[in-house]
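Since the structure comes first, as structure tokens, the remarks are kept for the end.
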Amino acid sequence: MKPSLPQGTRDFNANVIGKRNYIFNIIRSVFELYGFQPIETPAMENLDTLMGKYGDEGDKLIFKILNNGLDNIAKHESARQEFEKILQGKNTKGITERALRYDLTIPFARYVAMNHGQLTMPFKRYQIQPVWRADRPQRGRYREFYQCDADVVGSYSLMNEVELANIYATVFSKLGIGVEIKINSRKVLAALAEIIGGADKIIDITIAIDKLDKIGLEKVKEELAQRGLEEHQINAIEKYLAINGANEEKIIALKDLIGDNETGKKGIEEIEFVINYPKENFGVTSEIVTDFTLARGLNYYTGIIFEVKAKDAEMGSIGGGGRYDDLTGTFGVPNIAGVGISFGVDRIYDVMDELKLFPDNVAKSTQVLFFNLGESESKMAFGIMQQLRAKNIRCEIYPDQAKFDKQFKYAEKKDITYAIIIGTEEMNTNMVKLKNLQTGTQHNFAVEELFKFDF
RNA sequence: GAGGAUAUAGCUCAGUCGGUUAGAGCGACAGUUUGUGGCACUGUAGGUCGUGGGUUCGAGACCCAUUAUUCUCCCCA
């Protein structure tokens, strides 16, 4: 059979892993710098845990796992009946009761709900693990991809939002990616909907205006009309969308429009806090841009929302997050507020690769290759190699006795800097020959001297 | 879920108007002094042309179906 990969999945070679780890390490170190601690959760969750948390579109993209034992003859009849429900688009435990996780936030909420008695609040955790979505793959979109999440639960303070924005700014500055950190509040969007008398249409409104920079004003208006908004409502939304300028100008204009609304007032205060707080307190603010068209698809957000876009690359968002005030409520533990952000490593990788932002030495390879020139020669080499390894120098020996040519080429392919050659001559004098393959220079060393060499 | 594109050697791709034995570059392997690599040269291996039908004297090429991949939309990281 001809082997192949499932759609939207990838293998990673050593070079790619090196670059990915470079990104992971920077994100991880910044998370820890800000006091977040790691947890991990299983690849699969009970389907109940995930369903209904991501909206209708999201639910469709959850990978479901077929139950085992459906071929058990004793259960054939009930299995057939259960499958009828599947054909009608319903989920049923009789056929599938587990699913691959769709994101890291809901599993985290499940974790908090199960462990809140033991957790010290506010609880700050980070999590770096793959997630799966049954989406159609395309540029920057995969069916298996990594998310790096940092969340704080058990605190309503907006200082958390400030910290998370700082994490975004710090990570992307370390990675060398120029970004815009877009910020908005769901409360602002809610206020807009209330004011134009379409509170029940808030989802339709946000979905439509979220597309503004992609499809333009006219198309957004068309879509609003299609979604049942009336003309005077659309005109009001148009005014809202026309807001632009620097952050301060935008906020003034926004106050003018929705500042009298109680929800709107709160939303504006939130945004002002997150923007202004770091200015007075050595934070990173230059990348934060208010964007009142930002909506985000996930329907559990209730306050500040974030989204990060790379400035110099055509790519969807490379990070996103926001505040959710009652995520554990659906798991029976009410009143735990939370706020979090997420990094899309696979997209960050694509952006960095395109902009050539990876340093040269990210992929660590072997430092020293011992040539194999015969049985007794390789024995001596082996002994020396073990002693170098004890000094944390990455070594390997060519396993077969082979021509120089072949061993040199092997070293070259693996990007190995040093070759150590031990032949009969060297063996008889207890010397080794060390060759730098990049410069071509070589020297003889007494074995004792070699151990002092700075590789 | 909707639409477009592609499928030929391990990889990237040529292959004209349908014509006889399907090509190149790269890679792999071997050799050009059995103790000094990268370069160069020589040679070798490797293909049921995605799969199944059809048209034709003749199909890698044309038609239909199918599968896979990829891009766009929806949605999203």
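Note: hydrogens, waters and symmetry copies are ignored here, and every other heavy atom, side chains too, is used. Note on naming: letters A, B, ... go to the chains in the order of the sequence lines (proteins, then strands), and numbering restarts at 1 for each one.
The environment of CG in A/Asp56 is sparse: at most 12 heavy-atom neighbours from other residues, nucleotides or ligands sit within 6.0 Å.
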Sub-3.5 Å pairs of nitrogen or oxygen atoms, protein against nucleotides 1-6 of chain B:
from, atom 1, to, atom 2, distance (Å)
B/A2, N6, A/Arg136, NH1, 3.2

Considering only nitrogen or oxygen atoms on both sides, find all protein atoms under 3.5 Å from nucleotides 25-29 of chain B and state each distance.
from, atom 1, to, atom 2, distance (Å)
B/A28, OP1, A/Lys413, NZ, 2.5

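Taking the side chain to side chain contact (heavy atoms under 4.5 Å, CB included) definition, one finds that A/Lys379 meets it with nothing, sequence neighbours left out. Partners of A/Lys60 by salt bridge (charged side-chain N to carboxylate O under 4.0 Å, His left out), not counting sequence neighbours, listed by chain and number: A/Glu57. Applying the salt bridge (charged side-chain N to carboxylate O under 4.0 Å, His left out) rule to A/Lys211 yields the partners A/Glu223; only residues at least two apart in sequence or on another chain are considered. Taking A/Glu238 as the reference, A/Leu217, A/Lys221, A/Asn235 meet the side chain to side chain contact (heavy atoms under 4.5 Å, CB included) condition, with sequence neighbours excluded. In this structure, the salt bridge (charged side-chain N to carboxylate O under 4.0 Å, His left out) partners of A/Asp291, at least two apart in sequence or on a different chain, are A/Lys182. In this structure A/Thr96 satisfies the side chain to side chain donor-acceptor pair (under 3.5 Å) test with no other residue, sequence neighbours excluded.
Comparing atom distances between the A/Arg227 side chain and each of B/C76, B/G37, B/C75 picks out B/C75 as nearest. Closest to the side chain of A/Lys403, out of B/U36, B/C75, B/G31, is B/G31. If you check B/U36, B/G38, B/C76 against the side chain of A/Arg133, the one that comes closest is B/C76. The side chain of A/Arg139 lies closest to B/U72, out of B/U72, B/G37, B/G35.
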- Query: For RNA chain B, what string of dots and brackets results from 5' to 3' when Watson-Crick and G-U pairs need both distances under 3.5 Å, crossing pairs get [ ], and pairs with another strand get |?
  - Reply: (((((((..((((.....[...)))).(((((.......))))).....(((((..]....))))))))))))....

- Query: Would A/Arg10 and A/Asp346 count as a salt bridge (Lys or Arg N to Asp or Glu O under 4.0 Å) if you check the C-alpha gap in whole Å, the side-chain angles of each, and the deciding distance to 0.1 Å?
  - Reply: CA-CA 11 Å; A/Arg10 298 151 296 160; A/Asp346 301 83; 2.6 Å; yes

Can you give me every donor-acceptor pair (side chain of residues 134-141 of chain A, partner residue at least two apart or in another chain, under 3.5 Å) with its distance?
from, atom 1, to, atom 2, distance (Å)
A/Asp135, OD1, A/Arg141, NH1, 3.3
A/Asp135, OD2, A/Arg141, NH1, 3.1
A/Arg139, NE, A/Glu314, O, 3.4
A/Arg139, NH2, A/Glu314, O, 2.9
A/Arg139, NH2, A/Glu354, OE1, 3.1

For residues 40-48 of chain A, tabulate all N or O donor-acceptor pairs below 3.5 Å that involve a side-chain atom, not counting sequence neighbours.
from, atom 1, to, atom 2, distance (Å)
A/Thr41, OG1, A/Gln127, NE2, 2.9
A/Glu45, OE1, A/Arg110, NE, 3.0
A/Glu45, OE2, A/Arg110, NH2, 2.8
A/Asp48, OD2, A/Lys93, NZ, 3.3

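In this structure, A/Leu5 reaches the sugar-phosphate backbone alone: every heavy-atom distance under 4.0 Å involves primed, P, OP1 or OP2 atoms, never a base. The residue A/Gln7 sits close only to the backbone: its heavy atoms come under 4.0 Å of sugar-phosphate atoms, none of a base. At a threshold of 4.0 angstrom between heavy atoms, the contacts of A/Gly440 include nucleobase atoms, whether or not backbone atoms are also involved. Heavy atoms of A/Gly316 sit nowhere under 4.0 angstrom from any nucleic acid atom. Heavy atoms of A/Lys211 sit under 4.0 angstrom from primed sugar atoms or phosphate atoms, though from no base atom. Contacts of A/Tyr142 with the nucleic acid, taken as non-hydrogen atoms under 4.0 Å apart, include base atoms. Here A/Ser317 lies in heavy-atom contact (under 4.0 Å) with sugar-phosphate atoms only.
One C1' atom belongs to B/G52, the other to B/C13, and the distance between them is 26 Å to the nearest Å. The gap from the P atom of B/A7 to that of B/U44 amounts to 30 Å, rounded to the nearest Å.
Using a 4.0 Å cut-off between charged side-chain N and carboxylate O, A/Glu270 and A/Arg323 make no salt bridge.
Atom CG of A/Leu164 is separated from atom CZ of A/Phe36 by 5.0 Å, given to the nearest 0.5 angstrom. Distance check, rounded to the nearest 0.5 Å: NZ of A/Lys187 to CD1 of A/Ile305 gives 11.0 Å.
Of the residues in residues 424-436 of chain A, those placing a heavy atom less than 4.0 Å from an atom of RNA chain B are A/Thr424, A/Glu425, A/Glu426, A/Lys433, A/Lys435, in numerical order.
Between the side chain of A/Gln138 and the base of B/U70, no donor-acceptor pair under 3.5 Å is found.
Residue-nucleotide stacking is present for A/Phe145 and B/A77, judged by a side-chain ring centre under 5.5 Å from the six-membered base ring centre and planes under 30° apart.
For the ring pair (Phe, Tyr, Trp, His ring centres under 6.0 Å) criterion with A/Phe371, the lone passing option out of A/Phe382, A/Phe404, A/Tyr398 is A/Phe404.
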